[in-house]
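Everything on this sheet refers to the single structure shown next.
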Amino acid sequence: MTSKITPQPGIMDISLYVGGASHVDGHENVLKLSSNENLSGPSEAVMKAFSLSAHELFKYPSTDHASLRAAIAEAHSLDADRIVCGVGSDEIITFLCQSFAGPGDEVIHTEHGFSMYKISTLAAGATPVEVAERDRVVDVDAILAACNEKTKLVFIANPANPTGTMIGPADLEKLADGVPEHTILVLDGAYAEFVHGYDGGASLVESRHNVVMTRTFSKLYALGGLRIGWGYAPRAIIDVLNRVRGPFNLSGPALVAAEAAIKDVVYAERAVADNTRNRAWLAEALAEIGVPSDASCANFILARFASEAEANACDDHLKSQGILVRRVAGYKLPNCLRITIGDEAACRRVAHAVGQFKGVK
Ligand SMILES: *Cc1c(COP(=O)(O)O)cnc(C)c1O
């Protein structure tokens with residue numbers, strides 16, 4: 001008997017998101033460098049605030065997130081009224097697609113772009129349009145050429161995942177100026193904190209009616225497990241997003257932890273400095289053994305191998321050593337492996353294992 005229960009169009013075209021693996025059979029001391037997590041863990045202040053929140057678990061959380069938004073606004077010199085908080089920035093991406101794109105509409109993502117853009121587009125019944133990149137860098141001209149009257153959203157991450165590359169202020173401005181007036185440009189700033197002096201696109205949001213920035217507490221602040229992200233947008237767009245947002249989308253513990261995190265400037269500065277130093281060390285160590293990577297602006301590097309077979313063989317070897325990195329063939333980068341930057345010991349361990357692989361080949 002054929003079922004008369006059918007999902008909305010587009011939903012069955014969604015490929016399930018593949019997360020970074022977290023265990024290897026037979027290994028106790030697994031080093032997980034596959035999900036761009038901050039392995040040093042959240043700050044002491046965050047853990048204290050989170051623990052204390054246990055006493056408040058009987059209460060419904062704030063619906064307007066006023067306290068967290070005020071803290072974010074203060075930290076980044078933004079207007080708190082134009083901030084919206086979500087269950088990870090993934091939820092902000094979902095809200096944007098749900099609110100602004102539907103059947104017959106197009107949503108642009110780029111060749112190696114983050115997979116959630118396509119997933120949320122399909123979930124909204126809209127059509128994802130993939131635009132080529134140039135040598136693993138977002139190509140502004142190609143995006144602008146792909147825009148038409150059906151284009152409702154354009155998503156880019158800057159810095160991008162999984163390439164680690166970013167485009168500069170002149171290209172960003174050209175993109176913001178060039179997208180049609182009926183199109184929202186979404187600048188995903190999941191890794192913006194790792195770039196000194198970059199505002200994640202906040203100033204472009206301030207000066208345009210159709211630019212949105214998304215940010216997260218999952219990467220620099222080491223809070224991926226709590227699911228907290230936020231968006232910054234023109235008032236009219238925020239008003240729309242708040243209508244589709246569930247009233248209690250963020251839990252009390254998540255709200256207090258995120259507020260403690262954004263206020264811990266010392267923790268953030270140290271995490272950025274550690275990442276910058278360890279990333280430079282690892283990129284150079286791998287380059288010396290014949291594994292190049294593009295200059296990364298994020299908390300990972302995209303290691304390039306001669307072929308897909310070599311990348312997979314190296315991944316197999318790393319696994320045999322209890323080290324997990326990310327295969328990125330699904331992002332059209334079959335000859336690459338994405339490696340999260342851990343602490344110094346983690347970087348040494350992965351560099352040593354890649355060296356073993358290159359040596360024994
Ligand atoms: C990790 C990541 C996110 C965010 O994730 P959340 O945990 O949902 O905040 C968003 N965009 C990109 C490009 C990412 O790599």
Side-chain angles (χ1 to χ4, degrees), residues 17-20 22 32-39 42 46 65 68 72 83-98 107-121 123 128 130 133 136-138 153-167 185-195 198 200-201 212-232 241 245-246 249-251 254-255 257-258 261-262 271 275 279 296-302 325-326 328 330-333 336 338-341:
Y17 183 86
V18 183
S22 57
K32 186 186 176 203
L33 302 176
S34 55
S35 297
N36 298 342
E37 293 155 337
N38 177 346
L39 303 190
V46 167
H65 311 149
L68 174 58
I72 293 170
I83 293 172
V84 60
C85 302
V87 178
S89 47
D90 282 355
E91 195 183 34
I92 309 295
I93 295 167
T94 302
F95 291 159
L96 285 162
C97 290
Q98 182 187 355
V107 176
I108 290 178
H109 64 94
T110 63
E111 186 179 356
H112 309 299
F114 186 48
S115 60
M116 282 309 300
Y117 310 147
K118 192 173 167 188
I119 291 174
S120 292
T121 299
E130 180 181 305
E133 298 190 15
R136 299 172 299 280
V137 180
V138 165
L153 291 153
V154 171
F155 283 100
I156 69 161
N158 203 44
N161 173 21
T163 57
T165 62
M166 73 184 293
I167 59 173
L185 170 64
V186 184
L187 301 174
D188 179 339
Y191 303 96
E193 283 89 355
F194 293 104
V195 185
Y198 176 50
V212 173
M213 169 179 78
T214 63
R215 304 287 285 261
T216 184
F217 284 91
S218 300
K219 306 288 161 54
L220 178 77
Y221 292 104
L223 289 173
L226 264 188
R227 316 302 305 123
I228 319 142
W230 54 282
Y232 192 56
L241 301 182
R245 179 177 69 77
N249 61 327
L250 284 181
S251 70
L255 288 167
I262 197 98
N275 180 69
R279 182 180 65 200
S296 170
C297 303
N299 67 340
F300 56 84
I301 59 174
L302 185 69
V325 299
R326 186 69 152 261
V328 283
Y331 286 94
K332 303 199 166 168
L333 295 160
C336 299
R338 192 192 68 192
I339 307 172
T340 302
I341 306 301

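Basis for what follows: all heavy atoms, side chains included, without hydrogens, waters or symmetry-related copies. Given the structure is predicted, the values throughout are model-derived calculations rather than measurements. We count ligands from 1, going down the list as the structure has it; atoms in each ligand are counted the same way.
- Ligand 1 has no atom lying under 4.0 Å from any heavy atom of Gly229.
- By the 4.0 Å heavy-atom criterion, Asn36 is excluded from the residues contacting ligand 1.
- Given atom 4 (C) of ligand 1, the protein heavy atom at minimum distance is Ser89 OG, 3.1 Å.
- Applying the 4.0 Å criterion to heavy atoms of Gly88 picks out, from ligand 1, the atoms 6 (P), 8 (O), 9 (O).
- The proximity of Ser218 to ligand 1, defined as any non-hydrogen pair under 4.0 Å, is limited to the side chain.
- Remark: Ala123 engages Ile14 in a side chain to side chain contact (heavy atoms under 4.5 Å, CB included) (not counting sequence neighbours).
- Listed by atom number, the atoms of ligand 1 under 4.0 Å from Asn161 heavy atoms are 13 (C), 14 (C), 15 (O).
- Residue contacts with ligand 1 for Asp90 involve both N, CA, C or O and side-chain atoms from C-beta outward (heavy atoms, distance under 4.0 Å).
- Of the protein's non-hydrogen atoms, the one nearest atom 11 (N) of ligand 1 is Asp188 OD2, 2.6 Å.
- The protein heavy atom nearest to atom 1 (C) of ligand 1 is Lys219 NZ, 1.3 Å.
- Between the Arg338 side chain and the Val328 main chain, no donor and acceptor come within less than 3.5 Å of each other.
- For the pair Ile83 and Leu68, the minimum side-chain heavy-atom distance is 4.5 Å or more.
- Residue contacts with ligand 1 for Phe217 are absent, since no atom lies close enough (heavy atoms, distance under 4.0 Å).
- By the 3.5 Å distance cut-off applied to N or O atoms, Tyr117 is not counted among the residues near ligand 1.
- The protein atom (non-hydrogen) at minimum distance from atom 9 (O) of ligand 1 is Thr216 OG1, 2.5 Å.
- For the pair Arg245 and His65, the minimum side-chain heavy-atom distance is below 4.5 Å.
- Note: Tyr221 and Phe217 have tilted aromatic rings, judged against thresholds of 30 and 60 degrees for the angle between ring planes.
- Distances below 4.0 Å separate heavy atoms of Tyr191 from the following atoms of ligand 1: 1 (C), 14 (C), 15 (O).
- More than 12 heavy atoms of other residues, nucleotides or ligands sit less than 6.0 Å from atom NZ of Lys32.
- Here Leu39 contributes atom CG and Asn299 contributes atom CG; the two are 9.0 Å apart, rounded to the nearest 0.5 Å.
- Counting the atoms of ligand 1 from 1 in the order shown, those under 4.0 Å from a heavy atom of Ala190 are 2 (C), 3 (C), 10 (C), 11 (N), 12 (C), 14 (C).
- Within the 4.0 Å heavy-atom shell around ligand 1 one finds Arg227.
- At a cut-off of 3.5 Å, with distance as the only test, no side-chain donor of Arg326 or Asn36 sits close to an acceptor on the other residue.
- Salt bridge Glu193/Arg215: present, at least one basic N to carboxylate O contact under 4.0 Å.
- The proximity of Glu91 to ligand 1, defined as any non-hydrogen pair under 4.0 Å, does not occur for either the backbone or the side chain.
- A perpendicular orientation is assigned to the rings of Phe300 and Tyr191, their planes being inclined by more than 60° (bins at 30° and 60°).
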